[in-house]
S.K.: 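What follows is a structure written as structure tokens; I'll ask about it next.
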Amino acid sequence: MSPSPNPSNAPGTPGRSHSRNPSISEMVLNPDAPALCSPTERIEDELPMTEHHDALMGAEFKNPESIAKQPTLATLGDTPFTNDGDQVEHHRVVATEFVDPVKFEEPEPVLQNALVLLDPRIPDCIHLIEAGKKRSLMIMAVVPKPSDGSKMVEYYPTAEALLECGIHQVYEPPMGSKFDIVECAAMLKTIEAQQNLRFLGVVPCRESSVDFSDILGALLGLTVVNDLGLANARRDKGLMKVAVANAGLRVAKYARLTQRDGSDALKAIDELELSYPVVVKTPRGMSTMDVFICSSAEEAVDHTAEIVRSVGPDGRRTQYALLEEFIGGEEFAINLLASPTTPRGVQVTDIWLYHKINAEGTMVNTYQEMVDPHDPAYSSLVQYAEGVCRAVGIKYGMAHVEVKAKFDETRKKWIDPVMIEVGARLAGGRKAIMAQQSIPHWQPFDAMVDAHCGFPVRMPPSFKPGKHALQVYVSADKSGILKNYHGDDFERLPTYNSHIILKNIGEKVNPAKDLMSFAAYVWLIGEPEDIRRDANRARDEFFVDVELEPLPESAFKSETPSK
């Protein structure tokens with residue numbers, strides 16, 4: 001293990017005097033991050049921590065092959081250069097501590113409050129870091145599944161990428177092992193004690209972490225956590241329907257299917273008296289993955305068997321498939337903020353109307369536009385979404401409720417909302433960022449940090465958008481290996497705000513089905529007529545050049561005639 005800079009000079013690590021027996025650890029923070037303690041709290045005359053650490057470490061901790069196998073190791077940062085001048089990418093940390101319980105010493109006062117971001121994505125992470133700085137919080141990122149950098153770094157960041165964007169420390173599970181929530185909590189509690197930190201909250205940053213976040217918060221001793229008894233109801237699409245139905249709110253008819261050949265699908269359709277189409281989906285999905293609109297019995301059986309025998313999008317073994325009643329009408333995403341400091345405990349902040357088409361065996365996005373949550377036409381959606389949040393125990397932080405509803409021409413309003421799913425998290429697709437830019441005086445990331453830390457939340461006088469926002473989903477019109485694309489100069493659009501290209505040259509492209517299979521996203525802000533015009537231009541004027549994939553050799557081999 002290469003020596004590292006003196007950890008006492010790292011931000012957030014308190015200095016130790018000669019009179020104290022120091023805890024031996026090397027907690028290396030982002031060297032570019034601002035100091036987290038004032039100069040008066042630093043003690044110039046300090047022990048050479050690196051020398052003590054190297055002297056006390058056994059050989060098993062110095063052997064690189066052994067280091068990768070030690071369960072007490074975590075990646076907490078990187079060291080730019082070793083003493084020999086060699087550049088290294090990671091700095092492995094041994095959280096070793098020597099304590100004599102007989103020689104009791106009064107603990108030092110907490111020097112730094114901290115916030116945990118669970119499985120962050122960089123676009124949202126940047127805004128959360130800024131919100132944390134305003135509140136003098138140290139930001140710790142927890143990455144349950146480390147990224148090797150092969151996927152899009154913005155959505156699947158490496159530890160280095162997180163440190164570069166301003167995160168102070170990063171925890172990843174030990175090399176070669178799966179994420180263990182108990183082990184993670186133990187490591188964070190060790191860090192908390194050694195660095196005189198106090199964790200105030202845990203923020204889930206994507207769908208797959210909403211159940212872990214509250215459990216991790218409870219293991220850290222936090223009281224600002226959502227209802228633990230309903231943790232699975234905030235993730236499992238079957239259990240969330242049970243919780244919402246128990247609250248007296250309407251949900252779609254559904255069945256759990258467990259047969260590996262999908263044979264129980266037809267029996268469920270008959271007993272529930274469903275008509276085609278029906279929906280078959282994975283119970284713990286995300287980003288619209290593994291959701292199928294089935295128009296026949298054969299499709300329902302095939303997709304049910306496919307899901308039951310597969311691993312879900314979150315990497316866990318799928319135990320069953322969900323068969324659901326197909327609900328007509330239009331789809332909406334309703335974003336909310338939960339905090340006991342708000343008047344009703346949960347508040348709708350923004351509503352998005354989804355424009356989808358039935359293609360490729362599922363409902364495919366074309367664009368999503370923001371609407372006014374104060375418009376009486378959406379009043380039943382607001383009341384229903386608030387009820388859903390209460391039903392699944394969301395008390396702190398952001399929530400994202402997807403519903404379907406029908407428009408009543410006589411009453412000129414949307415009626416009979418039915419939940420598709422609910423997530424106790426920040427909405428994806430830059431919706432919070434767009435809401436911040438469209439709604440005067442609304443700071444969603446500040447509000448989310450305050451809610452998860454138990455601080456009073458500052459709300460704007462109204463959530464009526466000053467301008468309208470829209471997200472465009474740009475799909476490839478061909479299948480093959482991407483050679484080139486045209487029309488990606490989206491800045492030419494008068495209402496352009498931002499965009500991201502999701503497919504690189506040399507990668508395989510297909511007409512999009514789920515959210516991560518699109519070629520590009522474009523975000524627009526302006527007047528409703530202008531953004532719809534630009535949305536059509538963004539989709540219609542984007543073209544891809546592809547190279548057809550070669551057929552496998554087996555396709556050219558003729559069968560040997562039987563004798």
S.K.: Just wondering, do N484 and V544 contact through their side chains at under 4.5 Å, heavy atoms?
M.R.: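 The answer is no, as the side chains (C-beta and beyond) never meet within the 4.5 Å cut-off.
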S.K.: Once rounded to the nearest 0.5 Å, what's the spacing between atom NZ of K281 and atom SG of C294?
M.R.: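 Nearest 0.5 Å value for the NZ-SG distance: 11.5 Å.
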S.K.: Under the criterion ring pair (Phe, Tyr, Trp, His ring centres under 6.0 Å), which of Y473, F542, Y155 is the partner of Y521?
M.R.: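 Exactly one candidate clears the test, Y473.
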S.K.: Using the side-chain contact (heavy atoms from CB on, under 4.5 Å) rule, pick out the option among V244, V422, I420 that qualifies with V401.
M.R.: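 That would be V422.
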S.K.: Which value, rounded to the nearest 0.5 Å, describes the distance between I167 atom CD1 and C125 atom SG?
M.R.: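 It is 3.5 Å, given to the nearest 0.5 Å.
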S.K.: Parallel, tilted or perpendicular for F463 and W442, by the 30°/60° rule?
M.R.: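 If you compare the ring of F463 with that of W442, the planes turn out perpendicular.
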S.K.: Please tell me if the side chains of Y496 and W523 come closer than 4.5 Å, counting only heavy atoms from C-beta onward.
M.R.: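 Side chain of Y496 against side chain of W523, heavy atoms only: no contact under 4.5 Å found.
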S.K.: Could R344 and E386 be called an ion pair, given the rule that one side-chain N must be under 4.0 Å from one carboxylate O?
M.R.: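 E386 and R344: salt-bridged.
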S.K.: Please determine whether a side-chain nitrogen of the Lys or Arg among D375 and K413 lies less than 4.0 Å from a carboxylate oxygen of the Asp or Glu.
M.R.: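 Here D375 does not pair with K413 in a salt bridge, since their nearest N and O are not under 4.0 Å apart.
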S.K.: Quick check for you: to the nearest 0.5 Å, what is the distance between T495 atom OG1 and R537 atom CZ?
M.R.: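 If we round to the nearest 0.5 Å, T495:OG1 and R537:CZ are 9.5 Å apart.
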S.K.: Between Y396 and H452, is the ring centroid distance below 6.0 Å?
M.R.: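 No, the ring of Y396 stays outside the 6.0 Å limit from the ring of H452, centre to centre.
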S.K.: Checking K406 against W414: charged group under 6.0 Å from the ring centre and within 45 degrees of the axis?
M.R.: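 No cation-pi geometry.
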S.K.: Which residue, D211, D227, D214, forms the side-chain hydrogen bond (donor to acceptor under 3.5 Å, both in side chains) with R234?
M.R.: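 The option that passes is D214.
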S.K.: Any non-hydrogen side-chain atom of R425 less than 4.5 Å from a side-chain atom of H400?
M.R.: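 Answer yes - side chains close enough.
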S.K.: Check whether any side-chain heavy atom of I269 sits under 4.5 Å from a side-chain heavy atom of V278, and report yes or no.
M.R.: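 A side-chain contact under 4.5 Å exists here.
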S.K.: Could you tell me whether K412 sits above the aromatic face of F407, with NZ or CZ closer than 6.0 angstrom to the six-membered ring centre and within 45 degrees of the axis?
M.R.: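 K412 over F407 ring: no.
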S.K.: Testing the 3.5 Å rule here: is there a donor-acceptor pair between the side chains of D446 and H127?
M.R.: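 Distance-only check fails for D446 and H127.
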S.K.: Looking at K241 and E324, is there a salt bridge between them, counting it only when a charged N and a carboxylate O are closer than 4.0 Å?
M.R.: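 Looking at E324 and K241, the cut-off is met.
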S.K.: Would you mind reporting whether D416 and R250 have side-chain heavy atoms less than 4.5 Å apart?
M.R.: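 Contact flag for R250/D416 side chains = yes.
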S.K.: Using ring centroids (six-membered ring only for Trp), state whether Y367 and H355 fall under 6.0 Å.
M.R.: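 H355 vs Y367: aromatic centres under 6.0 Å.
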S.K.: Walk me through it: do Q437 and K467 pass the test side chain to side chain donor-acceptor pair (under 3.5 Å)?
M.R.: CA-CA 8 Å; Q437 298 182 18; K467 292 184 178 181; over 6 Å; no
S.K.: Is any side-chain heavy atom of L323 closer than 4.5 Å to a side-chain heavy atom of V279?
M.R.: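 Of all side-chain heavy-atom pairs linking V279 with L323, none is under 4.5 Å.
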